[in-house]
Amino acid sequence: MGEDVAKHEFTREDRTRYRTKVRRCLDVFARMLREARFDFERPMTGLEIEINLIDENADPAMKNHEALQVIDDPDFVTELGQWNIEINVAPRRLAGGGITAFEDTVRRSLNDAEQKARSVGAHMVINGILPTLRSKDISPDLLSSNPRYALLNEQVLAARGEDLQIAIDGVERLHLTSSSIVPEAACTSTQLHLQVSPEQFPAYWNAAQAIAGVQVAVGANSPFFLGKELWRETRIALFQQATDTRGDELKAQGVRPRVWFGERWINSIFDLFEENVRYFPALLPITDDEDPLAVLDKGDTPSLNELKLHNGTIYRWNRPVYDVVRDRPHLRVENRVLPAGPTVVDTLANAALYFGLVRALAEDERPLWSQMSFQAAEENFNAASRNGMDAQMYWPGVGTVPVVELVLRRLLPLAHEGLIRWGVDSAERDRLLGVIEQRCLSGVNGATWQAREFHRHYDHSHMDRADALRTMLRTYVDLMHANEPVHSWPLT
């Protein structure tokens, strides 16, 4: 979404002015790429984690405003629903203990935030979808109070022209109609940022797309929504549908969704920004007074705010990012496919797999995407979302195999090699990639543990569905705080 916004009504002139300004920003961005004006000599990585809040009964706690007041830490910010907050972790390099530093920082920050939030009756949970959410929890009045969320809600529904339809067929079936985008707030994710040069960006983005299915399969942690067991990573389908500005007619015409895997490998980061401008109308046509061309001609760095805001309302699973820090522009790949949780150590194990694999694949002499269709990568992603650890994946030179076999035999060695190139020491590599290895050997990730624990209560006791989910979640929270990886969690 970008910065806070206050304007609530847009005219036709606003939209025309915005379109003109976005295209001017795009022209300036193209010139900046040609003139090699980007900072990339000391590449940084970043981490964001979205967090759910629950009360003493393990039900959603609609207290993000109160929680943020007592936490009083600028690293914690609001998210879409009143039961969501987010932590933004300061960027750092991976070399020299960077991954462990991320882990230590997140654990310390979450523990401190948990202690403070308890004073207002809220507790932290990191998972992909809060399993105890109920229909009454996704009503429009439970949007966060920040005006930008109400504005986004209005604009999505205005563009669509009708209520949202959510239909997910998995282990069970869920069909519902929503008059707001609040169901999107159920989707809590981990976002990984990787700074790259303009020349490197296409290879890193293509690599991230190629492994998106693998990431989701081994990291799935969202098996429930509104009490129904659906996909192993239900968050993927829910996020796609909860922000869909297309009615059935536009879908039939092939209009692209705003939550988008994409449709081709790229040769330049410009390809992605140009597609955004060409395919997607503005949701928030807000312009400022900056003339980006004049700023560039003076030798300064333009903010390109309109281009950034437009990019922020198109939800690619691997999103291109342009940003300016200390008057130096840089580019990032923002990886958005992973759910939050189950633990901090699981989160950093997922990060280690991602950073290692993209480095190894991006620097391969024979690019993977020259051997694999883009459609195959998308099919892997969809299969992983549905089936998690039980997914079958296509991989060049291997064929279609179980994802756990692919990871154990082919991808973990690549991830080790990539982390070596980042300067990650052997103890960090072995510990974190060892978590991924044990998940694959045991077949247990967050989604499978949640489903098994739920069924132990629901199928073999007198608990109703809601109580079984609450009991499962209470155990989940206890184990989450212990920070032992999910593959080692017992079934109570």
Side-chain angles (χ1 to χ4, degrees), residues 47-52 99 102-103 106 125-129 131 187-194 207-224 230-239 261 317-318 334-358 377 380-393 402-408 411-412 414-415 418-419 431-452 476 479-480 483-489:
L47 173 65
E48 302 170 47
I49 304 173
E50 295 167 353
I51 302 162
N52 290 305
I99 299 183
F102 269 135
E103 184 179 353
V106 173
V125 182
I126 47 175
N127 62 359
I129 295 177
C187 306
T188 40
S189 66
T190 297
Q191 291 138 37
L192 305 172
H193 292 256
L194 178 57
Q209 291 287 101
I211 66 168
V214 173
Q215 286 183 271
V216 170
V218 300
N221 195 31
S222 312
F224 296 101
L230 301 168
W231 293 9
R232 283 300 178 249
E233 191 49 38
T234 304
R235 186 184 114 264
I236 300 297
L238 180 58
F239 191 62
F261 189 80
W317 294 110
N318 285 291
E334 180 189 14
N335 179 256
R336 303 162 50 82
V337 307
L338 287 166
T343 65
V344 175
V345 69
D346 283 301
T347 299
L348 272 299
N350 291 338
L353 180 68
Y354 169 73
F355 288 128
L357 279 179
V358 293
N380 285 349
F381 181 69
N382 292 331
S385 303
R386 286 180 176 274
N387 303 314
M389 299 287 274
D390 295 325
Q392 299 278 323
M393 295 269 166
V403 66
V404 293
E405 179 181 331
L406 175 64
V407 172
L408 290 169
L411 300 187
L412 279 176
L414 283 177
L419 292 177
R431 181 173 68 91
L432 293 173
L433 293 183
V435 170
I436 302 298
E437 179 183 40
Q438 290 304 311
R439 267 193 231 156
C440 291
L441 290 171
S442 65
V444 175
N445 59 13
T448 54
W449 185 90
Q450 287 189 59
R452 291 177 187 178
Y476 179 106
L479 294 167
M480 178 194 79
N483 200 40
E484 293 296 327
V486 71
H487 70 262
S488 68
W489 289 8

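- Glu103 has a carboxylate O that lies under 4.0 Å from a charged side-chain N of Arg431, or vice versa, which qualifies the two as a salt bridge.
- The distance from atom CG of Leu238 to atom CD1 of Ile129, rounded to the nearest 0.5 Å, is 5.0 Å.
- Minimum heavy-atom separation, Pro131 to Gln450: CG-OE1, 3.9 Å.
- Within the model, atoms CG of Leu192 and CZ of Phe355 stand 5.0 Å from one another, a figure rounded to the nearest 0.5 Å.
- Of all non-hydrogen atoms in Val218 and Cys440, the two that sit nearest each other are CG1-SG, 4.0 Å.
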Q) Can Ile236 and Phe381 be said to form a side-chain contact (heavy atoms from CB on, under 4.5 Å), step by step? A) CA-CA 9 Å; Ile236 300 297; Phe381 181 69; 3.7 Å; yes
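- For Val214 against Leu406, the heavy-atom pair with the smallest separation is CG2-CD2, 4.1 Å.
- Looking at heavy atoms from C-beta onward, Leu432 lies out of side-chain contact with Leu353 at the 4.5 angstrom threshold.
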Q) Checking side-chain contact (heavy atoms from CB on, under 4.5 Å) for the pair Val435/Arg439: CA distance, chi angles, key distance, verdict? A) CA-CA 6 Å; Val435 170; Arg439 267 193 231 156; 4.1 Å; yes
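- Ile436 places a side-chain heavy atom less than 4.5 Å from the side chain of Asn350.
- Screening Arg336, Glu50, Arg235 for a side-chain hydrogen bond (donor to acceptor under 3.5 Å, both in side chains) involving Ser189 leaves a single residue, Glu50.
- Remark: of the listed residues Asn127, Thr343, Asn221, Asn221 is the sole one forming a side-chain hydrogen bond (donor to acceptor under 3.5 Å, both in side chains) with Tyr476.
- For Glu233 and Ser385, the side-chain atoms include no donor-acceptor pair closer than 3.5 Å.
- The main-chain N or O of Thr234 is never found under 3.5 Å from a side-chain atom of Ser222 such that the two would form a donor-acceptor pair.
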Q: Go through the steps to decide whether Gln392 and Val403 satisfy the test side-chain contact (heavy atoms from CB on, under 4.5 Å), and finish with yes or no.
A: CA-CA 6 Å; Gln392 299 278 323; Val403 66; over 6 Å; no
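- Side-chain contact between Glu437 and Leu408 is present, with heavy atoms from C-beta onward closer than 4.5 Å.
- Atoms CD and NE2, on Glu48 and His193 in that order, are 3.5 Å from each other to the nearest 0.5 Å.
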**Q.** Residue pair Leu47, Ile49: steps toward the side-chain contact (heavy atoms from CB on, under 4.5 Å) verdict
**A.** CA-CA 7 Å; Leu47 173 65; Ile49 304 173; 4.2 Å; yes
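- Counting all heavy atoms, side chain and backbone alike, Val444 lies closest to Val486 at CG1-O, 3.9 Å.
- Checked by atom type and distance alone, the side chain of Trp489 pairs as donor or acceptor with a backbone atom of Glu484 at under 3.5 Å.
- Atom-to-atom distance recorded for Leu357:CG and Leu433:CG is 8.5 Å, nearest 0.5 angstrom.
- Asn380 places no side-chain N or O within donor-acceptor distance of the main-chain N or O of Ala212, the cut-off being under 3.5 Å.
- How far CG of Asn387 is from CH2 of Trp231: 9.5 Å, rounded to the nearest 0.5 Å.
- Nearest heavy atoms, Thr448 versus Gly443: OG1-O, 3.5 Å.
- For the side-chain contact (heavy atoms from CB on, under 4.5 Å) with Asn335, the qualifying choice from Gln215, Gln209, Gln191 is Gln215, the only one to do so.
- The two atoms that bring Leu419 and Ile99 nearest to each other are CD2-CD1, 4.4 Å, heavy atoms only.
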